[in-house]
Amino acid sequence: MTPRRKQRLTMVLIIGALLASAIGLMLYALNENIDLFYTPTEIHEGKSGQFPQVGQRLRIGGLVVEGSVVRNKETLSVAFDLMDTGPKVTVTYDGILPDLFREGQGIVATGVLQEGFVIVADEVLAKHDEEYMPPELAEQLKGIKHVKPSEAGY
Amino acid sequence: MFTWLHPYAKTERAYALCQSLFPYFLSAAVLGLVVGLVWGLVFAPPDYQQGDSFRIIYIHVPSAILAMGTYVAMATAGLVGLVWQWKTAYMSMIAIAPVGALMTFISLFTGAAWGKPMWGTWWIWDARLTSQLILLFLYFGVMALYAAFSDKQQAGKAAAIIALVGVINIPIIHYSVEWWNTLHQGSTITKIGRPSIAPEMKWPLLVSIAGFIGLIGTLVLLQLKNVILIREAHRPWVKKLLLTSSTKGER
């Protein structure tokens with residue numbers, strides 16, 4: 001490399017490193033705001049000292065607790081508990097649930113926090129993990145019986 | 001160490017290289033896409049959770065991964081242009097940009113079409129989706145800035161700077177699903193250790209990725225040939241090339 005090229009290369013690399021660290025610091029500072037949702041534990045115990053307020057509109061993400069789904073026979077309204085590793089939060093929702101919604105599934109709900117760790121949701125989205133496998137293998141590995149949501153019966 | 005590359009700084013040699021590489025990329029594209037997509041979309045087993053809807057992975061994942069790979073290639077061309085000041089480096093950069101933008105668009109579009117039935121929404125402003133959208137805008141920025149200058153050497157320099165600054169977005173896209181909580185799930189095939197996709201689903205995906213690489217190469221070479229011909233239209237070798245091909249009745 002000629003000295004001029006070397007000089008240009010170092011200039012480009014220095015500017016690149018400075019920009020990368022600037023953007024890195026910015027993202028680090030914004031860290032909590034980039035998170036899409038609160039976990040149930042964070043609703044109870046706060047997130048780095050910040051407690052979500054009653055009446056605040058927020059997103060919550062967690063796993064639907066087995067056996068906690070209660071449906072109203074006449075309407076679309078449904079209530080279920082969410083948890084991650086700690087305490088539970090109850091979500092109520094009036095609307096059509098996504099196909100992937102089932103007990104044990106990860107979901108993300110948007111709604112307003114009420115007294116007593118209840119969230120009145122107006123949107124429920126289903127999360128799925130990065131594992132893909134045929135139904136027979138899932139039954140063998142995970143003990144998950146493949147049930148179509150329309151035949152799940154809850 | 002890279003002196004063997006120097007002849008390709010000349011447009012004529014670069015054009016000839018495009019011509020000779022073209023059939024390989026084209027056959028890889030046709031073979032990979034036909035085998036990978038038919039295998040994936042028809043013969044691979046359905047997913048235990050998502051049923052047949054998961055099959056969109058065979059278009060979504062290749063386009064998303066390669067949108068990032070293509071960006072790195074474009075930025076590398078920009079870096080070479082800035083440091084070594086080769087004309088052909090900027091030409092490659094601007095030939096790659098629209099192809100990368102296309103891949104990014106395909107990944108966003110298929111992602112939306114996948115998100116609606118599975119998650120329940122077309123779009124959500126989570127870190128993965130937003131950073132991928134920024135990638136699309138970075139491609140547009142490079143193309144727009146290049147088009148804004150009439151002196152194409154200046155244009156290449158400005159666009160290369162945007163391209164290099166944007167490289168910071170690539171690790172952000174990749175790690176967004178680990179650093180923050182998102183609706184988008186984690187990486188499947190770039191995950192280290194236990195593969196999280198069954199082998200009979202993974203192989204068609206890998207073939208499809210190879211096909212997409214072929215497709216991107218084909219499109220970039222076509223585009224680069226055009227860029228070279230347009231920029232060098234006044235050169236004797238271009239005139240000679242066009243004359244001989246027009247008398248022979250082919251392009």
Side-chain angles (χ1 to χ4, degrees), chain A residues 1-2 4-13 15-16 19-24 27-28 31-39 59 61 95-102 105-108 110 123-139 141-142 144-146 148-149, chain B residues 1-2 44-51 53-54 57 75 78-79 82-85 115-121 124-131 160-161 164-169 171-172 176-177 179-191 194-202 205:
Chain A
M1 258 201 266
T2 62
R4 283 200 55 195
R5 283 173 182 171
K6 212 166 255 172
Q7 202 186 347
R8 283 197 298 256
L9 184 62
T10 24
M11 270 313 278
V12 170
L13 289 181
I15 292 172
L19 269 167
S21 44
I23 293 173
L27 288 176
Y28 183 73
N31 212 352
E32 267 127 46
N33 299 316
I34 300 174
D35 275 337
L36 186 70
F37 50 78
Y38 286 93
T39 63
R59 278 212 186 91
I96 298 165
L97 291 165
D99 272 4
L100 276 186
F101 181 92
R102 57 194 83 172
Q105 185 78 31
I107 65 118
V108 175
T110 314
E123 185 184 42
V124 173
L125 303 175
K127 239 173 107 70
H128 61 81
D129 61 15
E130 68 279 17
E131 305 205 355
Y132 305 94
M133 57 183 91
E136 307 84 53
L137 188 65
E139 213 176 313
L141 270 184
K142 297 181 149 189
I144 298 174
K145 185 93 181 82
H146 180 66
K148 279 196 180 143
Chain B
M1 146 172 128
F2 289 117
D47 180 56
Y48 76 108
Q49 266 197 329
Q50 304 183 32
S53 307
F54 105 101
I57 199 175
L79 177 72
L82 278 179
V83 175
W84 282 268
Q85 300 191 332
K116 184 63 186 170
M118 286 302 121
W119 297 342
T121 184
I124 187 164
W125 292 99
D126 87 348
R128 172 57 75 81
L129 276 64
T130 310
S131 54
I161 290 170
L164 281 172
V165 167
V167 171
I168 187 70
N169 195 31
I172 294 177
S176 56
V177 290
W179 291 342
W180 302 294
N181 58 42
T182 53
L183 185 63
H184 195 286
Q185 68 282 5
S187 314
T188 298
I189 56 167
T190 53
K191 198 160 94 173
R194 197 170 59 97
S196 42
I197 180 163
E200 62 265 48
M201 294 165 155
K202 186 178 71 183
L205 184 56

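Every chain is numbered from 1 and lettered A, B, ... according to where its sequence line falls, protein lines coming before strand lines.
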If you measure from CD on A:E131 to CD on B:Q185, what distance do you get to the nearest 0.5 Å?
11.0 Å
Using a cut-off of under 4.5 Å for heavy-atom pairs, which of B:A44, B:S53, B:P46 has the most such pairs with chain A?
B:P46
B:P199, part contacting chain A, at a heavy-atom distance under 4.5 Å:
neither
One should read off an interatomic distance between A:R5 CZ and B:L82 CG, to the nearest 0.5 angstrom, of 13.0 Å
Given heavy-atom pairs under 4.5 angstrom as the criterion, report whether the side chain, backbone, both or neither of B:L164 touches chain A.
side chain
What heavy-atom pair brings A:P134 and B:A198 nearest, and what distance separates the two atoms?
CD-CB, 3.5 Å
Chain B contact via A:L9 - which portion, at a heavy-atom distance below 4.5 Å:
both
Can you measure from CZ (A:R8) to CG (B:L79) and round to the nearest 0.5 angstrom?
11.0 Å
CZ of A:F37 to CG of B:D126, rounded to nearest 0.5 Å, is 9.0 Å
Restricting to non-hydrogen atoms, name the atom on B:Q49 and the atom on A:R102 that form the minimum distance, rounded to 0.1 Å.
O-NH2, 3.6 Å
Smallest separation among heavy atoms of A:D35 and B:W179, with atom names:
OD1-O, 4.5 Å
Atom CG in B:N181, atom CD1 in A:I34: separation rounded to 0.5 Å?
11.0 Å
I'd like to know which of B:K116, B:E200, B:Q85 tops the heavy-atom pair count under 4.5 Å against chain A.
B:Q85
For A:Q105, is it the side chain, the backbone, both or neither that has a heavy atom under 4.5 Å from a heavy atom of chain B?
side chain
Toward chain A, the part of B:M118 with a non-hydrogen atom under 4.5 Å
both
For B:T182 and A:L36 the tightest heavy-atom approach is C-CD2, 4.0 Å
Is there a side-chain contact (heavy atoms from CB on, under 4.5 Å) between B:I168 and A:L19 once you walk through the steps?
CA-CA 8 Å; B:I168 187 70; A:L19 269 167; over 6 Å; no
In Å and rounded to the nearest 0.5 Å, what is the CG to CE distance from B:D47 to A:M133?
8.0 Å
Does any part of the side chain of A:R59, heavy atoms only, come nearer than 4.5 Å to the side chain of B:I124, both counted from C-beta?
yes
Applying ring pair (Phe, Tyr, Trp, His ring centres under 6.0 Å) to B:F54 and not counting sequence neighbours gives A:Y132, B:Y58
List the steps, then state whether side-chain contact (heavy atoms from CB on, under 4.5 Å) holds for A:I23 with B:I172.
CA-CA 10 Å; A:I23 293 173; B:I172 294 177; 4.2 Å; yes
Please report the closest heavy-atom contact between B:P117 and A:D99, naming both atoms and the distance.
O-CB, 4.2 Å
